[in-house]
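Data first, discussion second: the structure below is written as structure tokens.
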Amino acid sequence: MGKQFTAILPIHEEFILRQHLFFVGSAPLSEDGHVNLSPKGHDCFRILSPNQVAYLDMTGSGNETSAHLLENGRVTVMFCAFEGTPNILRLYGTGTVILPESAEWEALSPMFTSLPGARQIILIDVHKVQTSCGFSVPFMNYAGERDTLQRWSIQKGEAGLREYRGEKNTKSIDGLPTPLGQKLTRQDLPYS
């Protein structure tokens, strides 16, 4: 039976900090739009307060969460236990995209380990926490993090990452703009 809370309690924080993987869900407002679900690894999740969390978001082939947050702000983060006692924990909230070179980035980025390919920070104001049993989640052993994305990012270099993001990260698959896309467009304009 699921239980709901208005904030992250210490027992929830302990559970979150033990997990190696989390999932981020978001969706556009359009009923024809695509719901997005993204897995996230690495040590990139931070609990800032009982009602605020953030994660360092890496360059990827899409930027759906960012576009959805710009459009409507809705986001859900899910953690599930693959080891130990079965448990699922969801954080429901509204998110904001924090881009490099902003004052918010300067304040938040020191809380994270610097990773090659980091493109933005997703800041989430949590209004509901829900736990449920997780009885059907299988046991899986953690073997380590993949380094493929970091090696790829280093090989691309900053100029290559900027070009890639310009091609792949400026709009959602439904054509919604992303904050990163808006920033890249402003940088390309004269006298911006």
When rounded to the nearest 0.5 Å, the distance separating NZ of Lys40 from CD1 of Ile122 is 7.5 Å

What one should report as the nearest heavy-atom pair of Arg119 and Leu99 is O-CD2, 4.2 Å

Review point. Distance only, no hydrogens: is a donor on one side chain within 3.5 Å (strictly under) of an acceptor on the other, for Ser38 and Asn36?
Key: yes

Going only through I, L, V, M, F, W and Y residues with side-chain contacts under 4.5 Å, is there a path from Val97 to Val53?
yes

Count the heavy atoms of every other residue, nucleotide or ligand shown that sit under 6.0 Å from CD of Glu167, and state whether that count exceeds 12. yes

Determine whether Ser66 and Pro179 make a side-chain contact, defined as any pair of heavy atoms from C-beta on separated by less than 4.5 Å. yes

Taken to the nearest 0.5 Å, the spacing of Met111 CE from Leu56 CG works out to 12.5 Å

So NZ of Lys3 and CG of Leu89: to nearest 0.5 Å the spacing works out to 12.5 Å

Report yes if some heavy atom in the side chain of Leu69 is under 4.5 Å from a heavy atom in the side chain of Val75; otherwise report no.
yes

Nearest heavy-atom approach of Pro100 to Lys183 is O-NZ, 3.0 Å

Closest heavy-atom pair, Val35 versus Ala27, reported as atoms and distance to 0.1 Å, is CG2-CB, 4.0 Å

Check your understanding: Hey, does the side chain of His12 reach the backbone of Leu9 with a donor-acceptor pair shorter than 3.5 angstrom?
Key -> yes

Rounded to the nearest 0.5 angstrom, the OG-CG distance for Ser153 and Leu115 is 9.0 Å

Say whether, by atom type as modelled, one donor and one acceptor occur between the side chain of Asn51 and the main chain of Val126 under 3.5 angstrom. yes

Check your understanding: Should Arg90 and Val77 count as side-chain neighbours, where that means a heavy-atom distance under 4.5 Å?
Key -> no

Shortest non-hydrogen pair, Arg74 vs Asn72, comes out as N-OD1, 2.9 Å

Looking only at heavy atoms, the pair that brings Phe112 and Cys44 closest together is CE2-O, 3.1 Å

- Message: If you count every heavy atom of other residues, nucleotides or ligands that lies below 6.0 Å from Ile11 atom CD1, does the total exceed 12?
- Response: no

Can you confirm whether Leu123 sits close enough to Leu48 that some side-chain heavy atom of one is under 4.5 Å from a side-chain heavy atom of the other? yes

Below 4.5 Å, heavy atoms only, C-beta onward: do Ser109 and Ile121 meet side chain to side chain? yes

Exercise. Is it true that a side-chain atom of Glu145 and a backbone atom of His42 form a donor plus acceptor pair closer than 3.5 Å?
Worked result: yes

Rounded to the nearest 0.5 angstrom, the CG-NZ distance for Leu161 and Lys156 is 7.5 Å

Only one of Asp57, Thr170, Asn169 passes side chain to side chain contact (heavy atoms under 4.5 Å, CB included) with Leu180, and that residue is Asn169

Is any side-chain heavy atom of Leu70 less than 4.5 Å from a side-chain heavy atom of Leu176?
-> no

Review point. Once the angle between the rings of Phe45 and Tyr55 is folded into 0 to 90°, is it parallel (under 30°), tilted (30 to 60°) or perpendicular (over 60°)?
Key: parallel

Same apolar cluster (I L V M F W Y, side chains within < 4.5 Å links), Phe15/Met78: no

Please check if Phe5 and Ile16 belong to a single hydrophobic cluster, counting links between Ile, Leu, Val, Met, Phe, Trp and Tyr side chain heavy atoms closer than 4.5 Å.
yes

Exercise for review: Start with the C-alpha gap between Asn63 and Lys168, add the side-chain angles, then the distance that decides, and say whether side-chain contact (heavy atoms from CB on, under 4.5 Å) holds.
Suggested key: CA-CA 8 Å; Asn63 203 2; Lys168 304 282 188 179; over 6 Å; no

Minimal heavy-atom distance between Asp174 and Pro28, with the atoms involved, is OD2-CG, 3.7 Å

d(Glu104 CD, Gln120 CD) to nearest 0.5 Å is 13.5 Å

Paired with Phe79, the side chain to side chain contact (heavy atoms under 4.5 Å, CB included) test is passed by just one of Leu21, Leu91, Thr131, Leu17, namely Leu91

Shared hydrophobic cluster, Phe23 / Met140 (ILVMFWY, side-chain heavy atoms < 4.5 Å):
yes

Got more than 12 heavy atoms from elsewhere within 6.0 Å of NE2, His127?
yes

Minimum side-chain heavy-atom gap Gln4-Val129 below 4.5 Å
no

query: Would Met58 and Tyr164 show up in the same hydrophobic cluster when neighbours are defined by side-chain heavy atoms closer than 4.5 Å?
result: yes

*asked:* For a 4.5 angstrom cut-off between non-hydrogen side-chain atoms, does Lys171 reach Thr178?
replied: no

Mind telling me whether Tyr142 and His20 have parallel, tilted or perpendicular rings, with 30° and 60° as the class edges?
parallel

